[in-house]
Amino acid sequence: MFQLQVLFYKFLMLINRFLIAVLPENKPTLFSGAGSSLQLTQAMAQLGAKKVLLVTDKILNELGLIKPIADSLEQEGVNVVIFDGVEPDPSFGVVEAGLEMLKQNDCDSVLAVGGGSSIDAAKVMALAANNDKTPKQLEGKLKARNQAIPLFAIPTTAGTGSEVTVAAVITDKEEDQKRVVIDPKLVPIAAALDPELMKGMPAPITAATGMDALTHAVEAYISKFAAPKTDAYAVAAIRLIIKNLTASYDDGSNLKAREGMAKASFYAGLAFTKAFVGYVHAIAHQFGAKYHTPHGLANAIALPHILEFSKPAVAHRLAQLAIECELGDRSESDWVLAGKFIDKVWEISEHMGVPKSLDALKSEDIPLITKGALAEAHYTFPVPRYMDRQQCEAILMKMLPS
């Protein structure tokens, strides 16, 4: 019975692959390096922005990170309206509140400043602003007829890659589920990777967001949709993360490491936009919806477990990553090299204090989490090795707190 289901899932993936292949490959104009956020504000004025909705969260606003950007825009002749109501795992209610502020103030463009939550929320606001649909009606694939109003992004974390992806994840509080809006119209016109804005990122957030980027890159690389171009982006991201993540964690003021992680997140975003992700994200989305677990932390906990499960199907691919990251040489077998790469993932997580289990996870919740994770993965993601319910439950059992 399960083998028949797998054949059906593979057929669905063929359809998804066709849809991805025909989608336009939008990329933002990129500004990178210290001070690049101010260069972006100049570009926004040059591109005709007159009144921008700046979407962020209260913490960044209160810390003063938003003021220099807003001041720079005002100096360029761009009026700024600040919406700082974004919360972790933003809901459709948050998006609707921002959209209402945008309309009331006649904003002609949107600038997201923050982590993935702020950027995802801003993306859906910008898309809904120019379409006769509510944010919730945009959930799914290609639901918008018109382009988004001009959208720009300044990530302050190095993990989600949302500044370059065709997707936005929004929480449906009524259903207690995360929903995904997928459309190439969500890709910003331009983005700035400014390590100066990342210096103050707390170590735990550095760890979680960095592991999020690693998950994007690794899942894209072992995906059945992987291609030479996505492989190039994924490998570049993984090498940068192996080199810079623990350095960023150990010394947040290390601008070189911060910039390396910002670029890694960007490359990983380019990789998974076309190659997609897999079971790690499917499980992480359930943790986020059920327990409000930060997405990066959920990915960090699940990633090595899923790599261990997937190893029989992707040993050669993981071996290639081990060689690229100088963790072994070609004289060793694929199985040994794959193990070395997985061990490196465990090592990085341990160095940064990432837990091996999820404190909130309860054994009685595992069947429902399994159902949601498998439904998402099997209908959406081109996973390299399919798992059944019993296998998924066994993996989740390993993540229970002791």
Side-chain angles (χ1 to χ4, degrees), residues 23-24 26-28 44 49 51-58 60 81-157 159-191 212 216 269 272-273 277 281 285 288-289 292 295 376 380:
L23 287 179
N26 297 341
K27 292 180 188 176
M44 290 173 64
K51 195 171 190 179
V52 61
L53 182 73
L54 195 160
V55 178
T56 188
D57 61 65
K58 282 187 170 57
L60 289 184
V81 177
I82 296 177
F83 174 78
D84 65 358
V86 178
E87 56 196 24
D89 299 320
S91 66
F92 282 109
V94 167
V95 176
E96 287 161 1
L99 179 62
E100 183 64 25
M101 182 177 284
L102 181 152
K103 291 178 177 178
Q104 286 179 353
N105 290 277
D106 294 320
C107 295
D108 59 19
S109 53
V110 176
L111 170 62
V113 182
S117 293
S118 291
I119 299 175
D120 278 4
K123 287 161 78 169
V124 181
M125 290 175 201
L127 190 61
N130 199 35
N131 283 277
D132 189 23
K133 290 188 175 183
T134 66
K136 197 167 186 179
Q137 288 171 333
L138 293 171
E139 186 261 324
K141 299 174 183 174
L142 309 176
K143 296 295 180 68
R145 178 185 296 272
N146 303 320
Q147 294 290 332
I149 65 172
L151 170 67
F152 306 87
I154 302 175
T156 58
T157 63
T160 67
S162 187
E163 70 275 6
V164 72
T165 67
V166 299
V169 180
I170 307 296
T171 299
D172 185 338
K173 286 192 173 181
E174 293 179 2
E175 300 289 338
D176 204 24
Q177 289 289 322
K178 289 195 173 185
R179 306 299 184 188
V180 183
V181 179
I182 299 175
D183 199 304
K185 303 181 189 73
L186 290 172
V187 177
I189 293 173
D212 189 19
H216 290 155
F272 89 84
T273 285
V277 286
H281 273 76
H285 288 158
H292 305 291
H295 180 66
E376 178 179 348
T380 312

S.K.: Can you name the salt bridge (Lys or Arg N to Asp or Glu O under 4.0 Å) partners of Glu175, sequence neighbours left out?
M.R.: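 With sequence neighbours excluded, Glu175 shows a salt bridge (Lys or Arg N to Asp or Glu O under 4.0 Å) to no residue whatsoever.
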S.K.: Look at the side chain of Lys123 and the backbone N and O of Ala167, then say whether any donor-acceptor pair between them is shorter than 3.5 Å.
M.R.: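 At least one qualifying donor-acceptor pair exists.
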S.K.: Donor-acceptor pair, Asn130 side chain versus Asn146 backbone, under 3.5 Å?
M.R.: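 Between the backbone of Asn146 and the side chain of Asn130 there is no qualifying donor-acceptor contact (under 3.5 Å).
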S.K.: Under the rule for salt bridge (Lys or Arg N to Asp or Glu O under 4.0 Å), what residues qualify as partners of Lys103, not counting sequence neighbours?
M.R.: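 By the salt bridge (Lys or Arg N to Asp or Glu O under 4.0 Å) rule, Lys103 matches no residue at all.
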S.K.: How close do Ala126 and Val110 get, heavy atom to heavy atom, and via which atoms?
M.R.: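 The pair with the smallest heavy-atom distance is CB-CG2, 4.0 Å.
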S.K.: List for me each residue that meets side-chain hydrogen bond (donor to acceptor under 3.5 Å, both in side chains) alongside Ser118, sequence neighbours excluded, and say none if there are none.
M.R.: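 None.
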S.K.: For Lys173, check salt bridge (Lys or Arg N to Asp or Glu O under 4.0 Å) against everything at least two apart and list the hits.
M.R.: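 Checked Lys173 against salt bridge (Lys or Arg N to Asp or Glu O under 4.0 Å); matches are Glu87.
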S.K.: Can you name the residues that form a salt bridge (Lys or Arg N to Asp or Glu O under 4.0 Å) with Lys178, not counting sequence neighbours?
M.R.: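 Result, salt bridge (Lys or Arg N to Asp or Glu O under 4.0 Å) vs Lys178: Asp89.
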S.K.: List for me each residue that meets side chain to side chain contact (heavy atoms under 4.5 Å, CB included) alongside Ser109, sequence neighbours excluded, and say none if there are none.
M.R.: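 Partners of Ser109 under the side chain to side chain contact (heavy atoms under 4.5 Å, CB included) test: Ala49, Val52, Pro150, Phe152.
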S.K.: Can I get a per-line list of side-chain donor-acceptor pairs under 3.5 Å for residues 94-101, giving both atom names and the distance, sequence neighbours left out?
M.R.:
{"unit_1": "Glu100", "atom_1": "OE2", "unit_2": "Gln104", "atom_2": "NE2", "d": "3.1"}

S.K.: Can you see which heavy atom on Ser117 is nearest to which on Pro88, and at what distance?
M.R.: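 That would be OG-CA, 3.7 Å.
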S.K.: Looking only at non-hydrogen atoms, find the nearest pair between Ala289 and Gln177 and report the distance.
M.R.: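 Reported closest heavy-atom pair: CB-CA, 3.9 Å.
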S.K.: According to side-chain hydrogen bond (donor to acceptor under 3.5 Å, both in side chains), who are the partners of Asp57, at least two apart in sequence or on a separate chain?
M.R.: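 Expected list: none.
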S.K.: Stepwise, does the side-chain contact (heavy atoms from CB on, under 4.5 Å) test hold for Thr156 with Val113?
M.R.: CA-CA 7 Å; Thr156 58; Val113 182; 4.0 Å; yes
S.K.: Is there a side-chain contact between Pro155 and Thr160 (heavy atoms, below 4.5 Å)?
M.R.: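 In short, these two side chains do not touch, never coming nearer than 4.5 Å.
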S.K.: Identify whether the distance between the nearest side-chain nitrogen and carboxylate oxygen of Lys51 and Asp108 falls below 4.0 Å.
M.R.: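 Looking at Asp108 together with Lys51, the answer is no, because their closest N to O distance does not fall below 4.0 Å.
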S.K.: Can you name the residues that form a side-chain hydrogen bond (donor to acceptor under 3.5 Å, both in side chains) with Lys133, not counting sequence neighbours?
M.R.: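 None.
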S.K.: Kindly compute the distance separating CE (Met125) from CG (Leu53), expressed to the nearest 0.5 Å.
M.R.: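 Between Met125 CE and Leu53 CG, I get 6.5 Å after rounding to 0.5 Å.
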S.K.: Would you name the heavy atoms of Asp212 and His281 that are closest together and state the gap between them?
M.R.: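 Taking Asp212 first and His281 second, the nearest heavy atoms are OD1-NE2, 4.0 Å.
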S.K.: Evaluate Val166 against Ile182 for side-chain contact (heavy atoms from CB on, under 4.5 Å), listing each step before the verdict.
M.R.: CA-CA 6 Å; Val166 299; Ile182 299 175; 4.1 Å; yes
S.K.: Suppose the criterion is salt bridge (Lys or Arg N to Asp or Glu O under 4.0 Å): which pairs have a residue in residues 179-189, not counting sequence neighbours?
M.R.: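 The answer is Asp172-Arg179, Asp183-Lys185.
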S.K.: Between Val86 and Val55, is the side-chain contact (heavy atoms from CB on, under 4.5 Å) condition met? List the steps.
M.R.: CA-CA 7 Å; Val86 178; Val55 178; 3.5 Å; yes
S.K.: So Leu102 and Ile149, do their side chains get closer than 4.5 Å, heavy atoms only?
M.R.: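 SC-SC contact between Ile149 and Leu102 confirmed.
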S.K.: Working to the nearest 0.5 Å, report the span between NZ of Lys143 and CG of Leu127.
M.R.: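 Rounded to the nearest 0.5 Å, the NZ-CG separation comes out at 12.0 Å.
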S.K.: Could you pull out the closest heavy-atom pair between Asn26 and Val187, with the gap in Å?
M.R.: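 Nearest pair, atom of Asn26 first, then Val187: O-CG1, 3.8 Å.
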S.K.: Among residues at least two apart in sequence or on other chains, which ones pass side-chain hydrogen bond (donor to acceptor under 3.5 Å, both in side chains) with Thr56?
M.R.: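 Applying side-chain hydrogen bond (donor to acceptor under 3.5 Å, both in side chains) to Thr56 gives none.
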